[in-house]
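The chains referred to below are lettered A, B, ... by the order of the sequence lines, with proteins before strands, and numbering in each begins at 1. Only heavy atoms go into these numbers, but all of them, side chains included; no hydrogens, no water, no symmetry mates.
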Number of protein chains: 2
Amino acid sequence: MVTIKDIAKAANVSVTTVSRALNGYDDVNEKTRQRIKDVAEKMQYSPNMTARRLVTNKSSTIGLLTSSSFPSNPKDTFTMDVISGVNEYASCADYDMILFQSEFAKRQGKTYHQLCSERQIEGVISQGLAHDDAFLQQMEESSVPCVFIDHPGENETTSFVSADNAAGAREAVRHLVSLGHREIAFINGDDEAYISLERMKGYKEGLQEAEIAFNEKKVRLAYFNEEEACARSIELLEEFPEITAVFCSSDLMAMGVMRAAQQLGYELPDELSVVGYDNLVISQYTTPALTTVHQNKYKMGNTAAELLINRLQGKETKTRVIIPGSLLVRKSTCPPRR
Amino acid sequence: MVTIKDIAKAANVSVTTVSRALNGYDDVNEKTRQRIKDVAEKMQYSPNMTARRLVTNKSSTIGLLTSSSFPSNPKDTFTMDVISGVNEYASCADYDMILFQSEFAKRQGKTYHQLCSERQIEGVISQGLAHDDAFLQQMEESSVPCVFIDHPGENETTSFVSADNAAGAREAVRHLVSLGHREIAFINGDDEAYISLERMKGYKEGLQEAEIAFNEKKVRLAYFNEEEACARSIELLEEFPEITAVFCSSDLMAMGVMRAAQQLGYELPDELSVVGYDNLVISQYTTPALTTVHQNKYKMGNTAAELLINRLQGKETKTRVIIPGSLLVRKSTCPPRR
DNA sequence: AACATAATCCGAAACGTTTTGGAAACAATG
DNA sequence: CATTGTTTCCAAAACGTTTCGGATTATGTT
């Protein structure tokens, strides 16, 4: 491996000068800088990150903490988008991204602190952890900077990026209302997570705009689970046969609802309109194709990385960012016909 | 940060001894070792990987080179599985995995060599690159050890893991034959990539077993592309209306075929049976749910990491591994009714 | 007791960078 | 000429670990 020393020898200068020339300091003559650069190029020099990291005491490594999914499930495409977003920003900024999958880590009995200190992680982004995941708490308490996706930290030092969940839900309801629906049920994830609360807010706002009374009995929790959503929506539809549309807080739950509807013999979308949330890849492929609220997951990851890395570099930076989304109308919604 | 020096001071020994105690060398008294371990634990010591890496001259980092997908598509779940498999093995073996997404890298004008040398990558796993991707060539020429997933290297130094593609295709055809199909078309990816050739082999074998003549006109190439598969299968079905089943070399192409069938007014699966390949998450969610050949993508990633890391550690290891798959019968196949 | 062997420990060098504090050379100013 | 300032360079220390070669002590053998 060719080192800075070799360059120094070849260019007949000191290692200091090579280092400073290559790193763009201005206390080196432009002529020598060019000579050094040429030599470096010719010798195919590339700096040893490890050495650099050691002396600067920065690992230039961030962690992306996600819930591991095994076996694979539709949510993977969400995660994958976020990964891409984080990874691209990080690599452009000369950071390494390493992946922590929460279940794997826990299975190995690692605490969050261990995870970070073993790898000298400088900062962490979390995505897709359950709102009561122990790691979230530990992240907030930890001294390593972090940014949460879809989870507002409780203290002020943590950053946060999310989609505009309330607006998305409102759009979804508006769309249903505009089609003529008045009996719109809501399958929410839970009643604690940030996104659930926001989407509930949007749902209520949407109803209010249309002067439809909110009825808490027409809201069920399915914990972002497809089976659960199927079961809950069967109960719901049997109890309130007047329901003509159901809005779901995730595409996965919407899958469950569509399955339920089929089991109950409803014609989709005519006898029941369904709206999802997330725009997972899968939602394009169901029949009928799912109307859903698109979230720019890549952008969320990208932005999270930006906030984190800015912070690590001591730059002034925003601490909370909301990424706009948009309703994607497909085939699972139409005017009520019943 | 607490270093080995601090431990040395606290335990009243030299740094050498701390290092050797913690790393399990046998020239340190068990009593002192225990004392040192206790102190280290109490002081929450965790070794500085960067320093270790510098002195051992090993980055303990492997790269996973995949094709980047943006916008997201169904194949992401494949990639995600592989990532999980690689990542888990790597992290257990104390390696870092970093992700290279080929399009991003190319957009930045990076050569494969740069990618590796910038990060001091010790070895690389590739997955999902097109068989004519320039990086594949560069990988083989490079001196950094690599293992290909689904791509048999030309020279002997590269390792290789794949699924049993021929067997999978054969199973698929057998299944169709057992249902009573005799007119079985094949939408293949291309006629060059390893997996395409293997699946073609399996397809032919399957036909031969059933004493069905192979007809090359009933094979079309769709380059693993959904639209393409849709178009090709429309041509195919119009030209050969006697076809009652089509086997596809990927689930994505099977989606295209199902769409084509619907456009042509076929009743699925009664009037046309469709079999895919991959078992992407999406294939559970189509109507009818897709019969497909399952590939253990997680295992493939895991095994690739195992081969690579064994090699990096100088261990004796296999150089090519075939992971078994299995046919997953769902709802897109049934006896021919036409 | 004398010696050989084994067990246990340690000092110092090394890994490839960055950075500090200053030196040397030269130019500009009084 | 003496002084000050500027430009350009460099020696050496530092980062936290591993490892080489040897030193010291304890144990066993005659």
Side-chain angles (χ1 to χ4, degrees), chain A residues 1-37 39-40 43-61 94-96 116-122 313-314, chain B residues 1-37 39-40 43-61 94-96 116-122 313-314:
Chain A
M1 193 183 39
V2 31
T3 77
I4 217 172
K5 271 187 198 165
D6 304 320
I7 309 293
K9 211 167 288 172
N12 210 33
V13 291
S14 74
V15 290
T16 307
T17 306
V18 176
S19 173
R20 298 185 76 79
L22 262 24
N23 290 319
Y25 285 75
D26 61 0
D27 66 346
V28 29
N29 187 299
E30 273 312 320
K31 259 180 162 166
T32 40
R33 185 199 304 278
Q34 203 48 57
R35 182 159 46 93
I36 290 171
K37 274 190 170 173
V39 172
M43 298 179 74
Q44 290 209 55
Y45 169 75
S46 87
N48 185 318
M49 288 296 169
T50 311
R52 176 179 292 171
R53 286 170 181 183
L54 179 60
V55 62
T56 58
N57 197 25
K58 306 184 74 203
S59 67
S60 298
T61 303
D94 272 314
Y95 274 74
D96 284 353
C116 291
S117 60
E118 277 176 359
R119 298 300 200 200
Q120 264 83 40
I121 296 294
E122 285 189 53
Q313 296 178 335
Chain B
M1 193 184 34
V2 31
T3 78
I4 216 173
K5 270 186 199 164
D6 303 322
I7 309 294
K9 212 167 289 172
N12 210 33
V13 290
S14 74
V15 290
T16 307
T17 306
V18 177
S19 174
R20 299 186 74 79
L22 260 26
N23 290 318
Y25 285 75
D26 59 1
D27 67 344
V28 27
N29 187 298
E30 274 311 321
K31 258 179 162 168
T32 42
R33 185 197 305 278
Q34 204 48 58
R35 183 159 45 93
I36 290 171
K37 276 190 168 174
V39 172
M43 297 178 75
Q44 290 209 55
Y45 169 75
S46 88
N48 184 320
M49 287 297 168
T50 310
R52 174 179 293 172
R53 286 170 181 184
L54 180 59
V55 63
T56 58
N57 197 26
K58 308 183 73 205
S59 68
S60 298
T61 303
D94 271 314
Y95 275 73
D96 283 353
C116 291
S117 61
E118 277 176 0
R119 299 300 199 202
Q120 265 82 38
I121 296 294
E122 286 190 53
Q313 295 178 335

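- Among the protein residues, A:Thr3 comes within range of the sugar-phosphate backbone only, with heavy atoms under 4.0 Å from sugar or phosphate atoms but none that close to a base.
- For the pair B:Gln34 CD and C:dT8 P, the computed distance is 15 Å after rounding to whole Å.
- Residues B:Arg53 and B:Asp96 form a side-chain contact, since some pair of their non-hydrogen atoms from C-beta on lies under 4.5 Å apart.
- Atom CD of B:Gln313 sits about 9.0 Å away from atom CD of B:Glu122, to the nearest 0.5 Å.
- Contact annotation: B:Thr32 side-chain N/O to C:dC9 OP1/OP2 distance is under 4.0 Å.
- Expressed to the nearest 0.5 Å, how far CG of A:Asn12 lies from CD1 of A:Ile36 amounts to 10.0 Å.
- One finds no side-chain N or O of A:Tyr25 lying less than 4.0 angstrom from the OP1 or OP2 phosphate oxygen of D:dT8.
- For the pair A:Ile7 CD1 and C:dT18 C1', the interatomic distance rounds to 16 Å; values are reported in whole Å.
- Distance CG (B:Leu22) to C1' (D:dG16): 13 Å, rounded to an integer number of Å.
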* **B:Ile4/B:Tyr45 under side chain to side chain contact (heavy atoms under 4.5 Å, CB included): CA gap, chis, key distance, verdict** => CA-CA 8 Å; B:Ile4 216 173; B:Tyr45 169 75; 4.1 Å; yes
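- Summarising the geometry, the separation between CE on B:Met1 and P on D:dA14 is reported as 16 Å, rounded to the nearest angstrom.
- Comparing B:Arg33 and A:Ile4, the nucleotide of DNA chain C nearest to each residue sits closer to the 5' end for B:Arg33.
- Contact annotation: side chain of A:Asp27 to base of D:dC9, donor-acceptor pair present below 3.5 Å.
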* Report the C-alpha separation of B:Arg119 and A:Asp94 in whole Å, then their side-chain angles, then the decisive distance to 0.1 Å, and conclude whether the side chain to side chain contact (heavy atoms under 4.5 Å, CB included) test is met. => CA-CA 10 Å; B:Arg119 299 300 199 202; A:Asp94 272 314; 4.0 Å; yes
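- Here C:dC15 is the nucleotide among C:dC15, C:dG11, C:dT20 with the atom lying nearest to any side-chain atom of B:Val55.
- Note on B:Ser14: every side-chain N or O is 4.0 Å or more away from OP1 and OP2 of C:dG11.
- Taking atom NZ on A:Lys5 and atom C1' on D:dA12, their separation rounds to 12 Å, with Å as the unit.
- The residue B:Asn29 sits close only to the backbone: its heavy atoms come under 4.0 Å of sugar-phosphate atoms, none of a base.
- One atom, CZ of A:Arg119, and another, P of D:dT17, lie 15 Å apart when rounded to the nearest Å.
- Straight-line distance from the CG atom of B:Asn23 to the P atom of D:dG16: 17 Å, rounded to whole Å.
- Separating the CD atom in B:Gln120 from the CG atom in B:Leu54 is a distance of 10.0 Å, to the nearest 0.5 Å.
- For C:dT17, neither phosphate oxygen OP1 nor OP2 lies less than 4.0 angstrom from any side-chain nitrogen or oxygen of A:Ser19.
- Applying a 4.0 Å cut-off to non-hydrogen atoms, the residues of residues 43-54 of chain A that approach DNA chain D are A:Leu54, listed by residue number.
- Nucleotide C:dA7 holds its P atom 14 Å from the CZ atom of B:Arg20, rounded to whole Å.
- Within 6.0 Å of NZ in B:Lys58 there are more than 12 heavy atoms belonging to other residues, nucleotides or ligands.
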